[in-house]
Amino acid sequence: MLTLSQIQQDPDKVIQQLQQRGVCHAETLVHRLLNIVQTKKQQQDQLEKINHQLKEHAKTIAQWMKIKTAAQKIDSLKKEISCLKKQQQKEKQQIQGYAQGIQDILVQLPNVFCTTVPIGKYSQDNTIVHERFFIHSLPKVVVPHWDIAQKYDLIDFSIGTKITGTGFPVYKNEGAQLQRALIQFFLTEAIKNGYQEIMLPLLVNHATAFNTGQLPDKEGQMYKIQDHPFYLIPTAEVPLTNLYQKRILSEKDLPIKHVAYTPCFRREAGSWGSNVRGLNRLHQFDKVEIVEIHTPQQSFQAFKKMIAYVQQLLEKLQLTYRKVLLCSGDLGFTAYCTYDFEVYAPGQKKWLEVSSVSHFDTYQAHRLQLKYEEDEQQRKHWVHTLNGSALALPRVMASLLETYQTAQGIQIPSVLLPYAYHLRESTVFRV
RNA sequence: AGAGGGUUGGCGGAGUGGUCGAACGCGGCGGUCUUGAAAACCGUUGUGCCUGCAAGGGUACCGGGGGUUCGAAUCCCUCACCCUCUGCCA
């Protein structure tokens, strides 16, 4: 969340950036916000004066209680008090209203963004900053992964539909094993790179979903449990980052680097076009997520390293990929800067997003109430949070099946062989 | 899920209606003593907001929210969490 002081410092810059992110009425919102803040402050002053008087009166009564003859004086003072209390009540209500108004505006403002972010409205305005092609010998007829999955009995989409509904695929045989191998590969790579593995709850409460920015912005995208105030996580980012809600870390605790594998659940309401097939978009999918917490001084260096880390995963899998710097209009609600990684799926002739690596600056820290204390001066500062998919499984699987298809079957990338105990032959033959 | 007990400052732990932001102990910080350290002793020690150049002043906060009262950490309601017992279950 943006803080009031952030906005007050340079309202015009905030307005401009919000507009560039596509926030409607950014100017009106910010101005209204600043107005309410001003009014609330004045009101607060008055309330505090009343509170002070009431406190004094209470003390006076306490004194008078000791004297028996003061009963009359007490009564008349009580009358005065009841008058003050009416005022107090009124002020309180108004202030509460203002506070709510401020909160209502603040929670709907997305983050500001980094100077390196290109200005643009749509994904076409994103900048492709890097591309890497890997040449694989493809068969004459290159097919999409859903055909491959069916041919070799790797994934059953229709049975998933019967069990649950569309978007819940069932992985079978080598499909399941390959999935497991990928998870294991991603986790092991992360651990080798200094990430601490965490296993997390898949259900979170309202506050947790708010802290990382999913609420109220993405309320409609999350599954909610009916009889409990819980949401199914749309990404491990939510519980993982929230491990540190309401904390003051000491500087020597930083950096924090975590990795977690979880299933993710998304309603994907409204985004189910006819071109969504196979593994391209699902309601439940697996993902390995990395989260880092840093001091502001170190976070940008760390961001670069995270990006490089995700990049080398794709290098190791030898999937053709490109790295995309998101433009202002395409940034996620909480992001200060984001790089997406897309892999090429030759069967569909499409680029599929498999990772989003984001720097959140202090936006999440504000909501999490997460600070760190400088070792030497004991001064407290907001931390910077970062996260990235490393990686999201289904589209990696899609690209992998399509990229590594041969006339005989699917060739398994050699880096996965240590993790794929049942796939030693390096090729899947099932017809 | 039912019954009972609990939630107080960095930690432990008092406090059941009146000047309580909260005894006491530990820890932390500063000092005395010491060549240095320990021990001992003395002092100090929560956070947010408003106001002030500052010193200071004001206000809010004893799990969250609401209520009773002139006055609430203390009484009432409610929610959350923790502990114990009973039940159920992977």
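Protein chains get the first letters and strands the later ones, always in sequence-line order, with residue 1 at the start of each. Heavy atoms only: backbone and side chains are in, while hydrogens, waters and symmetry mates are out.
- Regarding contacts with the backbone of B:G48, every side-chain N or O of A:Q44 stays at 4.0 angstrom or more from both OP1 and OP2.
- Atom name P, nucleotides B:C85 and B:G64: the rounded distance is 29 Å, in whole Å.
- Straight-line distance between the P atoms of B:C83 and B:G30: roughly 39 Å, to the nearest whole Å.
- Nucleotides B:G10 and B:U45 are separated by 15 Å at their P atoms, to the nearest Å.
- A ring-centre distance under 6.0 Å is found for A:H258 and A:Y244.
- Across the P atoms, B:U74 and B:G15 are found 15 Å apart, a figure rounded to whole Å.
- Of the candidates B:C70, B:U19, B:A60, the closest approach to any side-chain atom of A:M65 belongs to B:C70.
- Residue-to-nucleotide proximity on RNA chain B shows that, of A:I81 and A:D45, the 5′-proximal contact is made by A:D45.
- At whole-Å resolution of the value, CD1 in A:I50 and P in B:G71 are 14 Å apart.
- A distance of 8.0 Å separates CG in A:N126 from CD in A:E342, rounded to the nearest 0.5 Å.
- Residues satisfying the side-chain contact (heavy atoms from CB on, under 4.5 Å) test with A:K192, not counting sequence neighbours, are A:T188, A:E189, A:Y419.
- Within the 4.0 angstrom heavy-atom criterion, no nucleotide atom of any strand lies near A:E80.
- Counting non-hydrogen atoms under 4.0 angstrom, A:H57 reaches nothing in the nucleic acid.
- Protein atom CD of A:Q89 is 14 Å distant from nucleotide atom C1' of B:U69, rounded to whole Å.
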In dot-bracket, 5' to 3', how would RNA chain B read with Watson-Crick or G-U wobble pairs under 3.5 Å, [ ] for crossing ones and | for pairs to another strand?
((((((((.[[[..)..(.....]]]((((((.......))))))((((((....)))))).[[[[[..)....]]]]])))))))....

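- A side-chain donor from one of A:T235 and A:K287 sits under 3.5 Å from a side-chain acceptor of the other.
- Of all heavy-atom pairs spanning A:V107 and A:R367, the tightest one is O-NH2, 3.3 Å.
- Straight-line distance from the CD atom of A:E373 to the P atom of B:G10: 11 Å, rounded to whole Å.
- One can place CD1 of A:I95 at 16 Å from P of B:C49, the figure rounded to the nearest angstrom.
- With both ends at atom C1', the span from B:G21 to B:G58 equals 15 Å, rounded to whole Å.
- Nucleic acid contact for A:I61: base, since at least one base atom lies under 4.0 Å from a heavy atom of the residue.
- Between B:A14 and B:C20, the two C1' atoms lie 12 Å apart (nearest whole Å).
- The separation between A:Q100 atom CD and B:G65 atom P is 14 Å, rounded to whole Å.
- Each of A:K55 and A:K85 was matched to the nucleotide of RNA chain B holding its nearest heavy atom; the match closer to the 5' end belongs to A:K55.
- Ring centers of A:F265 and A:H283: at least 6.0 Å apart, outside the cut-off.
- At B:G58, none of the side-chain N or O atoms of A:H52 fall inside 4.0 Å of OP1 or OP2 (strictly under the cut-off).
- Taking both residues in full, the closest heavy atoms of A:Y309 and A:A390 are given as CE2-CB, 3.9 Å, listed atom of the first, atom of the second, then distance.
- Distance A:K59 NZ to B:A72 P: 13 Å, rounded to the nearest Å.
- Note on A:Q369: nothing from the nucleic acid sits closer than 4.0 angstrom, heavy atoms only.
- Look at the C1' atom in both B:G27 and B:G12: the space between them is 10 Å, to the nearest Å.
- Atom CG in A:N205 sits roughly 17 Å away from atom P in B:C79 (whole-Å rounding).
- Taking atom C1' on both nucleotides, B:G87 is separated from B:A1 by 7 Å, rounded to a whole Å.
- Checked against B:C70, B:C50, B:A60, the side chain of A:K78 finds its nearest nucleotide in B:C70.
- Proximity of a side-chain donor or acceptor of A:R21 to a complementary backbone N or O of A:N111 within less than 3.5 Å is detected.
- With sequence neighbours left out, the side-chain contact (heavy atoms from CB on, under 4.5 Å) criterion links A:I163 to A:I159, A:V170.
- At whole-Å resolution of the value, CG in A:N51 and C1' in B:G21 are 16 Å apart.
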